[in-house]
*Asks:* 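Handing you a structure now.
Remember, it's 1-based here, ligands and their atoms both numbered in the order they're listed.
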Amino acid sequence: MSEFKVKAISHLNAEFSVPGDKSMSHRAAIIAGLSSGECEIRNFLPSEDCLNTLKAMGSLGVNYDIIEEMEGYGPTVIRIKGRNMKLQKAPFPIDCGNSGTGMRLLAGLLAAQPFDTELYGDDSLSSRPMGRIINPLSQMGANIESKGAKPGCAPLLIHGGTLQPITYEMPVASAQVKSAILLAGLFCEGKTTVIQPAETRDHTERMLAAFRVRTQREGNTITIRGGQVPEARDFHVPGDISSAAFWLVAAAALNGSRLLIQNVGLNETRNAIITVLVRMGAKISDIVRSQEDGEPIGNIEVCGRGLVGTVIRPEEVPNLIDEIPVIAVAAALAEGTTVIRNAHELRVKETDRIKTVVDNLRLMGADVTEFDDGMEITGGKKLHGAVLQSFGDHRIAMAFAIAGLFAEGETIIENTDCVNTSYPGFSKHLQAIMKEKSDHAAFEMKTIIHQSSWH
Ligand code: S3P
C-alpha cells in the first residue's frame, strides 16, 4: 500500500495541466457508446472510476479501441464505436469500483434495457445511498433490487424493461440523480422532466447537446424527449477543475507563488472554487480560451498572497461539493474563521467527508468545530506534520497532501492508492512541486501512442 511523505515548501512556481475531467469522462464513455457511430474521445481520464465505466460499456457490447495511453495508467484517447442505442446483456455482473457516478448513471441507462444487469462496487460504494436513483427509476416502472447488507445499497440487480416518462422533483441536488433520470428518459416514449432543488453540474445536458440530443432547460427544470439518438462525433475532455483545485489552494495560500494550470474545464456549474478562493483573498485569473464541444476550457493563473476566512454560501455548495475537503485545508491556512454549512451531502461521499476532514485537521493541530452539516475552522495556527489516514478516499488523500506542504515537520498520508480513482499521476505532480527549486517548473505525463484495432 502506498503512502505520501510530504514536507513543507517555501516556493511554488509551476505550470502544467491536470488529467481529464472525471464527470465528463464517465459521460463520454456512456454517450459515445450509445451514439450512432464512431467517436474519438480525447483526454479521457484514465482513472479507475472512469475505466470501470468504459469497461462496463464494453461488457454491454460497445467496442472501443485505445489510441493513446498515459504511461502506467490507461487510455487517454479512445475510439468508441456507438451501438445506436442498442446495448446487449452483459455476460457477468458489472464492477463500478469506487464510483457513485458510474453506478448511478449506468443504473439509469440499464433500467431501460430489455435485459437484467447486476451492478456492484467496493465497500465504500456498497454503503452509499442508492435509494435516490431507485425511487425515481421505480416511478418510471423499473424494477431494481438492492441486495446490499445496508438497506437501499449496492449490489443492485436491475430488471430492465420499458419505462414511462415522469416528472420528478429531486429531494437532493445531485447531478448523478439528474443524469440517471435523463439517461433513462432517453429510452422512454414522451417527455421526462427533472426538477432540481438547486443547480447542479450540467455536463450531461451539454454533452447530449454536443451529440445533437436536445434537452430543454427552464430554471432548474430539465426536460428530455425520448427516442433521440446521440449523433456520433469526437469529444475533447477538458482538464478536471476538481483536480486543479488542490494546486489552486496550495498556490493561493503561499505568498509569492505563481501557478498556471492549462486547458482546464471552466464550466460555471463547477467553478465556485475560484469564486471562493478569490473571496478568501487569492489573486486568480481564469480565462476561457475556447468553448470546445460545448464546454468552456481555459487557463487558471494564481499569484499567492495568503488567505483569509470566508462563509460558504448555501447555493455554492453543489458547485464545489468535491472541493470542500481542500477548501477546509485552505481555511486552516487562512487568517480568521471559515464556515461551511448546508453540506450534509458530504456525509455520503466516498467517506463521511465531514468526519474524515475534521479528524485529519485536528491531528494536524487545526481548530475545527464539527456540525451535522459542515464545520467551522479558525485558521492561522501553524499546522504540524502528522501520520494521517486517507480512509481510502482519494480527495482526502490529496487534500491532506496539500496541508502537508504547509506543516511543520513531515506529514505521512497512508493508503494513497485511492488517488488513482480520480487523479492518476497526482503523486508525480506532488513530487515535482516538492522538488521544484528552480525559478520555474513545467511538467507533463508521458503518453504512449497505440495503433491497435477494435477488440
Ligand atoms: C458528480 C456529481 C457529484 C459529485 C461527484 C460527480 C457527477 O455528486 O460529488 O463527484 O459526475 O455527476 P452528486 O450528484 O451526488 O452531487
*Asks:* Restricting to side chain to side chain contact (heavy atoms under 4.5 Å, CB included), what partner residues turn up for Arg341, sequence neighbours left out?
*Replies:*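 Testing Arg341 for side chain to side chain contact (heavy atoms under 4.5 Å, CB included), a comparison that skips the adjacent residues, returns Val339, Phe371, Asp373.
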*Asks:* Establish, from distance only, whether the side-chain atoms of Gln196 and Thr221 form a donor-acceptor pair under 3.5 Å.
*Replies:*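 No - no donor-acceptor pair under 3.5 Å links their side chains.
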*Asks:* Whether the Ser179 and Arg27 side chains hold a donor-acceptor pair (N or O, under 3.5 Å, no angle test) is what I'd like checked.
*Replies:*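 Arg27 and Ser179 do have a side-chain donor-acceptor pair below 3.5 Å.
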*Asks:* Using ring-ring contact (aromatic ring centres under 6.0 Å, His included) as the criterion, list what pairs up with Phe235, not counting sequence neighbours.
*Replies:*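 Phe235 satisfies ring-ring contact (aromatic ring centres under 6.0 Å, His included) with no other residue.
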*Asks:* For His429 and Phe246, I'd like to know if the aromatic rings sit close, meaning centre-to-centre distance below 6.0 Å.
*Replies:*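 No: the rings miss the under 6.0 Å criterion.
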*Asks:* For ligand 1, give me the residues whose heavy-atom distance to it is below 4.0 Å, by chain and number please.
*Replies:*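 Within the 4.0 Å shell of ligand 1, which is judged on heavy atoms, sit Lys22, Ser23, Arg27, Thr101, Ala173, Ser174, Ala175, Gln176, Arg201, Ile321, Asp322, Lys349.
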*Asks:* For Lys355, check salt bridge (Lys or Arg N to Asp or Glu O under 4.0 Å) against everything at least two apart and list the hits.
*Replies:*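 Residues passing salt bridge (Lys or Arg N to Asp or Glu O under 4.0 Å) with Lys355: Asp359.
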